[in-house]
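Just so it is clear, the values below take in all heavy atoms, side chains as well, and ignore hydrogens, waters and symmetry mates.
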Amino acid sequence: MRSGSMVKRLATAAPAMPVPVPMPSLTLRVASALLLIAPTAAFAQCEARAPIAADGRMLGHLPYGEAAPTDLTAIPGGMSVKGGCRLRPEVLPDLQRMLAAAAADPAAGGRLLALSCHRGLTWQQAVFCREFQPDAADRAISVAPPGHSEHATGYALDFAIRPQNGCPDADGCMAALPAANWLRLNASRYGFEMSFPAGNKQGVKWEPWHWRWVGTSATAPGAARARALFARARRSFPAAPVAP
């Protein structure tokens with residue numbers, strides 16, 4: 001009888017109240033406001049609790065807005081590892097000249113190709129969240145959270161080397177390859193600079209494959225806008241080598 005009464009009481013009990021859904025945190029609202037072009041995509045749960053520092057950085061990375069699709073153009077297929085690589089059109093002349101120069105120079109010992117160019121917020125979010133690190137701060141050492149990646153600007157890209165000579169793409173072993181050394185010695189002549197050199201004060205992992213374009217001079221076509229976007233990064237966290 002007692003067990004029957006218990007079942008009856010459980011069956012007639014009032015349904016549980018729904019669990020309130022938390023409102024977006026102040027951190028996320030501030031993050032959106034800090035973007036040069038405010039994103040509409042929501043942050044994934046994997047970095048939703050990442051704090052915004054007093055200087056506006058998230059996990060060490062500066063905020064960057066996303067280039068409008070109309071401000072980007074596809075680079076020729078022969079210049080990239082695979083299709084779909086898009087950059088600001090003002091980057092292309094210098095990129096074409098540099099890749100051609102590397103291909104013609106026996107000292108390069110291989111070909112330089114574009115590996116990853118513009119990445120929108122959704123793509124960057126997927127890249128950030130697939131890192132095999134449970135902590136957002138650990139992931140940010142290798143990958144910028146969405147809204148804080150130079151790739152979103154359309155002025156930055158990752159390079160790959162072919163043949164790979166046993167070195168995976170986007171790996172530190174790239175620095176030991178002749179083509180990477182050629183890039184280090186010559187990229188600044190074409191307006192490119194390494195964003196995250198070894199020992200950089202920004203606390204980001206050394207990335208010999210990641211370069212941003214700022215033009216061969218401040219008066220080069222399109223360079224003024226690129227240099228304005230990266231002014232704080234260039235001032236506070238200098239590239240090496242650095243474009244003139």
Side-chain angles (χ1 to χ4, degrees), residues 27 29-39 50-73 86-95 97-98 114 116-121 123-124 127-128 140-159 183-184 186-244:
T27 295
R29 295 197 297 271
V30 173
S32 297
L34 286 168
L35 298 180
L36 299 179
I37 302 175
I52 300 293
D55 62 1
R57 290 190 292 154
M58 177 184 280
L59 301 172
H61 294 270
L62 294 164
Y64 292 105
E66 183 174 3
T70 53
D71 290 337
L72 300 169
T73 189
R86 305 177 74 212
L87 291 168
R88 303 257 188 178
E90 51 264 42
V91 180
L92 293 190
D94 285 333
L95 180 62
R97 290 192 306 112
M98 185 174 75
S116 181
C117 302
H118 170 264
R119 292 205 293 253
L121 292 169
W123 186 357
Q124 187 66 30
V127 172
F128 182 80
I141 295 173
S142 302
V143 181
H148 293 71
S149 171
E150 292 186 347
H151 282 281
T153 68
Y155 290 115
L157 73 158
D158 296 338
F159 287 101
L183 183 64
R184 182 180 60 82
N186 294 280
S188 61
R189 295 168 47 206
Y190 301 92
F192 291 90
E193 55 187 29
M194 189 190 298
S195 303
F196 308 115
N200 64 85
K201 295 180 180 179
Q202 198 166 344
V204 178
K205 184 177 73 174
W206 172 48
E207 295 188 350
W209 57 86
H210 178 97
W211 296 69
R212 63 187 177 221
W213 179 88
V214 294
T216 54
S217 70
T219 58
R225 180 161 63 170
R227 292 182 181 222
L229 277 176
F230 297 125
R232 184 178 171 197
R234 301 183 83 207
R235 180 178 65 251
S236 302
F237 311 105
V242 61

Donor-acceptor contact below 3.5 Å, side chain D94 vs main chain V91: no
CZ on F192 to CG on L157, rounded to 0.5 Å: 6.0 Å
Where L62 and R57 come nearest, the two heavy atoms and their spacing: CD2-CG, 3.5 Å
Straight-line distance of F128 CZ to R119 CZ, nearest 0.5 Å: 12.0 Å
Contact check, side chains of L92 and W213, non-hydrogen atoms, under 4.5 Å: no
Heavy-atom pair with the smallest gap, counting every atom of M194 and A239: O-CB, 2.9 Å
R189: partners by salt bridge (charged side-chain N to carboxylate O under 4.0 Å, His left out), with sequence neighbours left out: none
Nearest-0.5 Å distance, CG of residue D71 to CZ of residue R225: 5.5 Å
Side-chain donor/acceptor of R184 to backbone N/O of P208, under 3.5 Å: no
Exercise: identify the closest heavy-atom pair between A223 and S217: CB-O, 3.2 Å
E66 CD to S149 OG distance, which is reported to the nearest 0.5 Å: 10.0 Å
Nearest-0.5 Å distance, CZ of residue F159 to SG of residue C117: 8.5 Å
Atom of A243, atom of G215 and distance for their closest heavy-atom approach: CB-O, 4.0 Å
Separation between CZ of F237 and CD of Q202, rounded to the nearest 0.5 Å: 5.0 Å
Residue pair P241 / W211, side-chain heavy-atom distance below 4.5 Å: yes
R227 side-chain N/O to V214 backbone N/O, donor-acceptor pair under 3.5 Å: yes
Under 3.5 Å donor-acceptor, Q124 side chain and A144 backbone: yes
Results of salt bridge (charged side-chain N to carboxylate O under 4.0 Å, His left out) for E193 - residues two or more places apart only: R212, R234
Residues which pass ring-ring contact (aromatic ring centres under 6.0 Å, His included) with H151, listed by chain and number, not counting sequence neighbours: H210
Heavy-atom pair with the smallest gap, counting every atom of A156 and L87: O-CD2, 3.6 Å
Where T216 and R97 come nearest, the two heavy atoms and their spacing: CG2-NH2, 4.3 Å
Ring centres under 6.0 angstrom apart (F230, Y64): yes
Main-chain N/O of Y155 paired to E150 side chain as donor or acceptor, under 3.5 Å: no
